[in-house]
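Below, chain A is the first sequence line, B the second, and so on; all start at residue 1. In this text, all values refer to a predicted model and were calculated from it rather than measured experimentally.
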Number of protein chains: 2
Amino acid sequence: MEKRCCGMRGLLTFLVLWIISRAPASGADVAREIEARRGKSPSPGTLYPVLKSLKEQGLVELKAGKYVLTHDGHEELTEARALFTAIFYDRDEICKGKGGAKAGRAKSA
Amino acid sequence: MEKRCCGMRGLLTFLVLWIISRAPASGADVAREIEARRGKSPSPGTLYPVLKSLKEQGLVELKAGKYVLTHDGHEELTEARALFTAIFYDRDEICKGKGGAKAGRAKSA
DNA sequence: TAACCGATATCGCAAATCCGATACCGACGG
DNA sequence: CCGTCGGTATCGGATTTGCGATATCGGTTA
């Protein structure tokens, strides 16, 4: 039962939005991308509800069998990235990179 | 209401571990750090159970009223960082939007 | 001593997150 | 025509996550 202390749970939606923003992708494409990054593919029962939710929120759109970000989707992603950056402004240390980066102040909407 | 699509949920434990690794901190210290990063402080009912769980897993230890990482804690953090990095290997793009994706300013959503 | 205050800690509850199983559909081969 | 296969999608349930309210404890002040 390995109670993983930091399973990175709750980032799936963010990750999906991020992946789609990089290139139009079908559900299966997204699944493959996630598997490549995280090591294992999410269940259909996990991925598709996320996609559906995103679509219902008007954040993504289905075009020619591929999901693409809408205007609102880009905005949402921008805000999410701001929060992400605010929380991990010292991400350089987290990733063992060299220091020196400074984070801008993030405002909350 | 406002079903935040990417609330960064599930990162609290990781964040707590990360904060403690940077400097010994009391529960209140951790709460203040999180508030500074995320904008709002977690409830006591959220933070202390996390601290307790971490302690029970032998990841952190209470020393002179301050929590500090144990050996296992450092190891766990190292693994978590590895996963974090693997998932967001293109974090530079996430944080800076390199490639000219400097979409307009944030709007009041 | 009593009242107060911040920090610490626990309890039950609501919501989110994720997964396994299952079903549907179009394309393909036997 | 029928079985198979990959992609899409839904349902129900189990686990995790976070919060509000509450209780305790040590130190300070009146």
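In terms of modelled atom types and a separation under 3.5 Å, the side chain of Thr85(B) and the main chain of Arg81(B) share a donor-acceptor contact.
Here the C1' atom of nucleotide dG7(D) and the OH atom of Tyr67(A) are 11 Å apart, to the nearest Å. Distance NZ (Lys66(A)) to C1' (dG7(D)): 12 Å, rounded to an integer number of Å. In this structure, the CD atom of Glu35(B) is 15 Å from the C1' atom of dC19(D), given to the nearest Å. Leu51(A) places its CG atom 14 Å from the P atom of dG7(D), with the value rounded to the nearest Å. Protein atom CZ of Arg32(B) is 8 Å distant from nucleotide atom P of dT8(C), rounded to whole Å. For the pair Leu54(B) CG and dA9(C) P, the interatomic distance rounds to 13 Å; values are reported in whole Å. Atom P of nucleotide dC19(D) and atom CG of Leu47(B) are separated by 10 Å, given to the nearest angstrom. dC19(D) atom P lies 14 Å from atom OH of Tyr48(B), rounded to whole Å.
For dT10(D), one of the phosphate oxygens OP1 or OP2 lies less than 4.0 angstrom from a side-chain nitrogen or oxygen of Lys52(A). Distances shorter than 4.0 Å separate some side-chain N or O of Ser26(B) from OP1 or OP2 on dT8(C).
Taking every heavy atom of residues 36-45 of chain A and every atom of DNA chain D, pairs under 4.0 Å involve Pro44(A), Gly45(A), by number.
Atoms CG and CD1, on Leu69(B) and Ile19(B) in that order, are 11.5 Å from each other to the nearest 0.5 Å.
Under the side-chain contact (heavy atoms from CB on, under 4.5 Å) criterion, Lys66(A) pairs with Pro24(A), Asp29(A), sequence neighbours left out. Shown here are the side-chain contact (heavy atoms from CB on, under 4.5 Å) partners of Ala28(B), two or more places apart in sequence or in another chain: Ser26(B), Arg32(B).
With a 4.5 Å cut-off on side-chain heavy atoms, Ile20(A) and Leu51(A) count as touching. Put simply, the side chain of Val60(B) does not reach to within 4.5 Å of the side chain of Val16(B), judged on heavy atoms.
If you check every strand for non-hydrogen atoms under 4.0 Å, Leu12(B) touches sugar and phosphate atoms only.
The only option from Glu76(A), Lys55(A), Glu61(A) that meets the side chain to side chain contact (heavy atoms under 4.5 Å, CB included) definition with Thr70(A) turns out to be Glu61(A).
Side-chain N/O atoms of Arg9(A) and base N/O atoms of dT17(C) include a donor-acceptor pair closer than 3.5 Å.
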